[in-house]
Amino acid sequence: MSGRFITFEGTEGSGKTTQIGRLAARLGEAGWCTRVLREPGTTPIGEEIRHTLKHSPSNHAMTPETELLLMNASRAQLVREIIRPALAAGEIILSDRFYDSTTAYQGYGRGLDLGLVQKVIDFAVGDTRPHLTIYLKVSPEVSAARLASRQAKLPFIRDRIEVADQQFFARAARGFEAVAAAEPQRVRVLEASGTADEVGAQVWELVQSVLPPR
Ligand code: TMP
């Protein structure tokens with residue numbers, strides 16, 4: 001039995017988490033065994049790495065190289081501890097980010113060598129690749145506005161990555177565009193500035209095309 005691995009990508013505030021929640025509920029209602037993951041994180045080891053990457057008070061001096069390796073350490077654990085067994089059990093896996101975020105943020109955003117970034121990703125995931133990636137595309141203005149409103153609701157939680165400047169996020173957005181252009185079969189681009197219902201309808205259509213036969 002083989003499940004399906006679906007990843008969601010996009011810049012801050014693109015609506016990934018909302019869409020994944022809605023999709024998981026819809027798949028569950030339709031009788032699919034569904035599992036939601038987030039990157040970095042999900043496993044106990046991954047969540048500790050996530051804290052180090054984002055919120056730890058001692059993470060100020062983190063270099064781009066360290067960031068690349070920590071993202072992929074969390075990923076290597078997730079692939080082996082959860083993704084491979086869940087796929088073997090026939091589950092539908094929905095992941096809030098996966099390796100395209102590394103290409104976008106550490107490659108394009110931080111400016112690390114793209115060939116090296118790819119080698120680290122390949123080492124972390126082996127042959128575990130998404131069947132479908134949905135890139136939720138929003139304009140830089142929408143992304144910045146949604147991020148600011150989220151930060152206003154959680155003013156005491158510092159996030160090392162989210163405090164980067166707008167040029168960093170613009171480079172990351174270009175990275176997602178490049179990934180989508182390079183792999184159009186796997187990476188599907190959805191214009192995500194509309195309402196959650198509008199985007200959700202398009203997500204559902206894409207996902208139905210990759211569900212296994214029952
Ligand atoms: P989020 O779960 O709120 O999206 O936070 C994850 C942050 O980590 C987000 O700013 C994007 C960033 N990130 C990377 O820089 N590289 C990666 O490989 C992944 C998975 C996330």
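Read the numbers this way: they start at 1 and go in the same order the structure lists the ligands and their atoms.
- For atom 15 (O) of ligand 1, the nearest protein heavy atom (residue, atom name, distance) is Gln106 NE2, 2.8 Å.
- The heavy-atom pair separating Ser101 from Phe176 by the smallest distance is OG-CZ, 3.8 Å.
- If you take CZ on Arg84 and CZ on Phe5, they are separated by 10.5 Å, rounding to the nearest 0.5 Å.
- The two atoms that bring Arg110 and Pro64 nearest to each other are CB-CB, 4.0 Å, heavy atoms only.
- Of the options Arg38, Arg75, Arg50, Arg160, the smallest heavy-atom separation from atom 2 (O) of ligand 1 is shown by Arg50.
- Against a heavy-atom cut-off of under 4.0 Å, Glu39 is close to the following atoms of ligand 1: 20 (C).
- Nearest protein heavy-atom neighbour of atom 18 (O) of ligand 1: Thr102 OG1, 2.5 Å.
- Looking at Asp96 next to ligand 1, no N or O pair under 3.5 Å apart turns up.
- If you check each of Glu162, Glu9, Arg97 against atom 21 (C) of ligand 1, the one with the closest non-hydrogen atom is Arg97.
- The minimum heavy-atom distance linking Glu177 with Tyr135 is given by the pair OE2-OH, 3.1 Å.
- Inspection of the Ser95 and Thr7 side chains reveals no N or O donor paired with an N or O acceptor under 3.5 Å.
- What sits closest to atom 17 (C) of ligand 1 on the protein, heavy atoms only, is Met71 SD, 3.3 Å.
- Heavy-atom proximity to atom 5 (O) of ligand 1, evaluated over Glu12, Lys54, Glu67, is greatest for Lys54.
- When all heavy atoms of Arg186 and Pro130 are compared, the closest pair comes out as CD-O, 3.5 Å.
- Nearest to atom 8 (O) of ligand 1 among the protein's heavy atoms is Ile161 CD1, 3.5 Å.
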